[in-house]
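One structure is given below, encoded as structure tokens.
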Amino acid sequence: MDFEKEYLSVKRKLFDKYYSDLNSKQREAVYAVNGPLLILAGAGSGKTTVLVRRIAHIIRYGDAYNSDIVPEYATGKDVEEMKKALSLSKIELGNYLTKFSVDPAPAWSVLGITFTNKAAGEIKSRISDIFGEDSEEVTAITAGTFHSVCCRFLRMYGEKIGYDKNFSICDTSDSKSLISDCMNLLSIDEKSLSVKSVQSIISRAKDKLQTPEDLLSEAGQDYKIKKVAEIYSAYQNRLESQNLLDFDDIIMQTVRLLTEHEDVRDILQNRYRYVSVDEYQDTNFAQLKLTLLLSGKYKNIMVVGDDDQSIYKFRGAVIENILNFDKNYSNTKIIRLEENYRSTKTILDAANGIISHNKGRLGKTLWTQSEQGELISIKKLPDQGLEGRYICNVISESIVKDDLSFKDFAVLYRMNVQSRAIEQALAKAAIPYRVLGGPRFFDRMEVKDIVSYLHVINNPVDDIRLKRIVNTPRRGIGNKSFEVASALASAEGYSVLELMRNAKRYSAISPVASKAMQDFCFLIDALRDYASSHTTSETIAKVIESTGYGDMIGEIPEKTEREERTSNLEELINMAGQYDEDAEDPTLSEYLEEVALVSDVDKYDENADAVVLMTIHSAKGLEFPVVFLPGMEEGVFPGYQTIMNPEEIEEERRLAYVAVTRAKKRIYITHVGSRMINGKTQYNQISCFVNEIPAELTVRTEEEQYGAFTRNRPAFISTGRSIVNPSDAYNPTPRYSPFSSQPKVKTSAQNTEEFKIGDNVVHSMFGKGVVLSSKRMGGDVLYEVVFEEHGLKKLMGTYAKLKKVK
DNA sequence: AGCTAAAATGTTTTT
DNA sequence: CATTTTAGCT
């Protein structure tokens with residue numbers, strides 16, 4: 001046999017052996033190092049694995065697999081040695097293969113863009129599994145979301161397009177209030193044109209890289225759009241003069257930077273030889289443009305996505321980005337990953353049943369080798385309170401019967417409001433849970449106030465934040481004085497803070513107010529000075545103390561409110577302390593960026609043993625053994641405003657597909673006869689998506705057949721709603737605090753004292769009660785206990801903190 | 001200026 | 001239903 005051929009073929013065998021835990025398509029993707037690559041990856045097909053392994057491969061071996069260069073010095077002995085290497089352990093083999101590496105890329109030349117910071121962290125941690133923690137490979141790699149990566153670029157080069165290094169990011173509510181200010185200034189009535197719709201039109205325009213002028217010229221005779229363009233122009237001016245970027249600007253301005261400044265573009269294009277983008281089906285036009293710019297020189301770009309999982313159209317995502325990827329890059333290699341490793345066959349068939357009703361798909365045939373698995377449970381309940389209780393019952397029973405733990409369960413819903421009823425039920429049943437998304441910790445008033453102080457300290461021209469805190473706590477600078485100062489400031493071309501410093505020069509400001517303004521400026525100066533020589537958490541503590549904010553909170557008369565706010569501020573200090581510890585080079589400005597860009601899901605800890613509740617959107621990319629899908633009703637999911645529009649129904653259907661494909665083993669679908677939303681009772685039909693699941697895969701039951709918890713407790717049911725007294729609701733972790741300590745699930749496991757029927761017991765949350773029944777289940781005992789004030793409960797021996805009383 | 005209480009109003013999904 | 005806005009009062 002030809003020596004060269006044998007050499008190459010054994011080399012490839014070695015690589016195939018090394019990647020033997022991947023399937024052939026996945027390996028193909030890992031080896032496709034150079035040139036444009038499109039991976040169409042179905043749900044659960046191991047795309048994150050491929051992304052990570054491919055990056056590691058590039059750093060370690062470069063294009064070694066494809067290279068047909070045989071070293072001149074190679075001999076038959078080498079081939080013999082290579083054949084022996086086939087029996088090496090994985091780690092040894094990995095190291096052995098480095099000897100074939102061809103033009104490996106330095107880690108700093110790799111850019112990985114993911115959908116969440118968590119996924120980016122995942123890449124880094126998996127790379128560190130291969131190269132070792134804190135190795136150069138891990139630290140040098142650039143991985144992050146579009147937003148965090150762009151912020152990095154803007155911090156480095158933003159000055160070229162007029163942004164100061166410590167620009168701040170304004171969130172949706174900040175930008176809303178700025179738009180509202182602009183509308184007032186232009187005397188546009190907010191009743192005829194809502195701030196929300198203006199904000200969304202501007203945001204969509206920015207997604208498409210449209211400037212105010214572009215929007216105006218596109219408007220034609222459309223009066224509304226013309227008005228919005230006018231507002232957009234004013235809004236953008238104010239953002240820029242205050243050194244602020246909104247979420248859309250972060251992308252759009254980066255594109256502008258790279259378009260207008262060839263030098264910056266060259267630097268970045270030369271640096272990033274390998275670019276990978278995950279969740280490509282949910283990118284917008286600006287993000288497409290950005291990837292084109294960044295990969296413009298080497299064109300080594302890999303994008304991964306699934307057209308069936310495109311669920312962010314409302315945010316400007318264009319599915320065509322992935323459908324037409326090969327039109328933007330010639331010689332695109334396309335690889336389809338169609339084997340699903342996550343779900344049972346039943347679940348996969350159900351998902352396929354749903355998604356097959358969509359038109360205009362690229363079309364994939366997902367398959368699996370796994371077993372049929374359990375049928376999908378579909379259950380109708382009378383109302384949302386019972387829906388929540390049903391979920392709790394299923395969880396309690398499965399835990400003992402099937403040896404599952406709380407963290408194996410996820411409740412996924414369409415809208416955040418749906419979480420409330422379920423939370424109440426979980427709290428009552430003493431099941432540990434955590435809620436992701438919804439109102440965030442950093443949206444709490446007191447947290448936002450303190451963070452606003454930090455913004456003003458960091459970026460003195462941030463007038464939005466200044467307005468928020470200038471009179472909180474009260475210091476005699478009321479709305480009116482502030483308005484006057486703002487007007488003067490814009491007339492004179494100063495920032496408001498600067499003007500306030502010299503307030504006494506202006507006769508329009510009363511002497512009392514100008515004194516207060518000056519004092520305020522001194523306060524801010526002192527704090528800025530303090531911040532320059534102290535850590536973030538020390539600065540925050542100082543802000544709370546010296547602004548009088550802490551005293552203000554301490555004087556709140558209601559005990560619960562006072563304590564909650566105080567503890568939120570303590571939490572803020574603690575979290576900042578964590579940041580100071582973790583960050584390489586902690587700065588106030590980076591801290592503020594992190595606060596703006598980190599989401600709840602990023603902090604989701606899969607090791608915490610608690611049931612997790614989140615929206616289906618947030619659950620994208622995650623997986624759980626058991627998934628509950630409550631509220632599968634027409635009007636809820638699909639939402640009632642989408643029902644008339646076939647295109648939007650398709651998006652909803654993709655969302656349903658995402659929901660179903662999150663589950664590994666089991667799905668419980670529920671819907672209710674009557675649902676209360678915003679004080680109105682709705683009577684919804686079962687969701688059309690449920691009926692798209694082949695009937696033979698499902699088992700349907702109605703409430704009447706599920707008598708277990710309706711028996712023996714008319715008094716409990718007659719209250720209708722389940723009422724949870726906030727003081728005794730079991731809340732394992734404040735729902736606002738993604739960072740806070742893990743749920744207190746480590747309840748006294750040694751507390752396995754056994755109870756007999758009729759025993760009087762005390763529960764830490766439910767108070768006094770009597771044991772009605774006890775059932776052995778696995779290694780545990782399930783008790784039914786009637787409590788004096790809370791009615792009948794099912795409790796698990798090991799988890800319920802029950803104590804016997806005489 | 002600043003507080004309280006009544007009235008209005010909103011209905012996805014998120015970086 | 002729950003939050004935000006506003007009117008009216010001190």
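These numbers were taken from a predicted model, which means no experiment stands behind them. Reminder, nothing fancy here: chain letters follow the sequence lines and each chain counts from 1.
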### Task
Check whether NZ of the Lys or CZ of the Arg R434(A) lies under 6.0 Å from the centre of the six-membered ring of Y604(A) and within 45 degrees of that ring's axis.
no

### Query
Given atom CD of E652(A) and atom C1' of dT13(B), what is their separation to the nearest angstrom?
8 Å

### Message
What's T172(A) touching, base or sugar-phosphate or nothing? Going by heavy atoms closer than 4.0 Å.
### Response
base

### Task
Look at K448(A) together with D171(A) and state whether they make a salt bridge at an N to O cut-off of under 4.0 Å.
yes

### Any donor-acceptor pair under 3.5 Å from Q384(A) side chain to M676(A) backbone
yes

### Task
Go through dA1(B), dA2(C), dT15(B) for me and flag the one nearest to the R315(A) side chain.
dT15(B)

#### Entry: Nearest-angstrom distance, C1' atom, dT5(C) to dT12(B)
23 Å

### Task
Please tell me which of I477(A) and A596(A) maps to the more 5' nucleotide of DNA chain B, matching each residue to the nucleotide holding its nearest heavy atom.
I477(A)

### Query
So, is S599(A) near the phosphate of dT15(B), with a side-chain N or O under 4.0 Å from OP1 or OP2?
yes

### Message
Does N471(A) reach a base, just sugar-phosphate, or nothing at all? Heavy atoms under 4.0 Å.
### Response
sugar-phosphate

### Task
Please work out if E648(A) contacts a base, only the sugar-phosphate, or nothing of the nucleic acid, heavy-atom cut-off 4.0 Å.
base

### Message
What is the distance, to the nearest angstrom, from the CE atom on M676(A) to the C1' atom on dT11(B)?
### Response
15 Å

### Task
Can you figure out which of dT11(B), dA1(B), dT12(B) approaches the side chain of T642(A) most closely?
dT12(B)

### Task
Please state the P separation for the pair dT4(C) and dT13(B) - nearest whole angstrom.
15 Å

### Message
Classify G478(A) by what it touches in the nucleic acid, base, sugar-phosphate, or nothing, heavy-atom distance under 4.0 Å.
### Response
sugar-phosphate

### Summary
Closest to the 5' end of DNA chain B, once K191(A) and D248(A) are matched to their nearest nucleotides, is K191(A)

### Query
So, F115(A) versus Y312(A), ring centres under 6.0 angstrom or not?
yes

### Ion pair E555(A)/R562(A), N-O distance below 4.0 Å
no

### Task
Measure the distance from CG on L436(A) to P on dT14(B) and round it to the nearest whole Å.
11 Å

#### Entry: Exercise: do S175(A) and Q199(A) side chains pair donor with acceptor under 3.5 Å
yes

### Task
Could you please spell out the steps behind the side chain to side chain contact (heavy atoms under 4.5 Å, CB included) verdict for I686(A) and M632(A)?
CA-CA 6 Å; I686(A) 188 167; M632(A) 289 298 281; 5.5 Å; no

### Summary
Among dT15(B), dT11(B), dT12(B), the one nearest any side-chain atom of N678(A) is dT11(B)

### Query
Taking CD from E190(A) and P from dT6(C), how many angstroms apart are they, rounded to a whole number?
8 Å

### Query
So among K620(A), K118(A), K47(A), which one has a salt bridge (Lys or Arg N to Asp or Glu O under 4.0 Å) with D278(A)?
K47(A)

### Message
Quick check on dT12(B): is either OP1 or OP2 less than 4.0 Å from any side-chain nitrogen or oxygen of N416(A)?
### Response
no

### Message
Would you say that more than 12 heavy atoms from the other residues, nucleotides or ligands in this model lie under 6.0 Å from the CD of Q685(A), or not?
### Response
no

### Message
So S481(A), base contact, sugar-phosphate only, or nothing? Heavy-atom distance under 4.0 Å.
### Response
sugar-phosphate

### Task
Round to the nearest Å and state the distance from K680(A) atom NZ to dG10(B) atom P.
14 Å

### Query
What's the CD-P distance between Q682(A) and dC1(C), to the nearest Å?
14 Å

### Nearest-Å distance for atom pair CE/C1', residues M614(A) and dT12(B)
18 Å

### Under 4.0 angstrom between N479(A) side-chain N/O and dG2(B) OP1 or OP2
no

### Message
So is the aromatic ring of Y312(A) stacked onto the base of dT13(B), judging by whether the centres are under 5.5 Å apart and the planes are under 30° apart?
### Response
no

### Query
Has T615(A) got a side-chain N or O lying under 4.0 Å from the OP1 or OP2 atom of dT14(B)?
yes

### Length of the CG-P vector between N184(A) and dT6(C), whole Å
10 Å

### Query
OP1 or OP2 of dT11(B) sitting under 4.0 Å from any side-chain N/O of Q641(A)?
no

### Query
Considering only side-chain heavy atoms of I677(A), which listed nucleotide, dA1(B), dT13(B), dT11(B), is closest?
dT11(B)

### Task
State whether K196(A) places a side-chain N or O below 4.0 Å from either non-bridging phosphate oxygen (OP1 or OP2) of dT11(B).
yes

### Task
Just compare dT15(B), dC1(C), dA2(C) and give me whichever is closest to any side-chain atom of R420(A).
dA2(C)

#### Entry: DNA chain B: stems of at least 3 consecutive Watson-Crick or G-U pairs whose donor-acceptor distances fall under 3.5 Å
B:1-10 with C:1-10

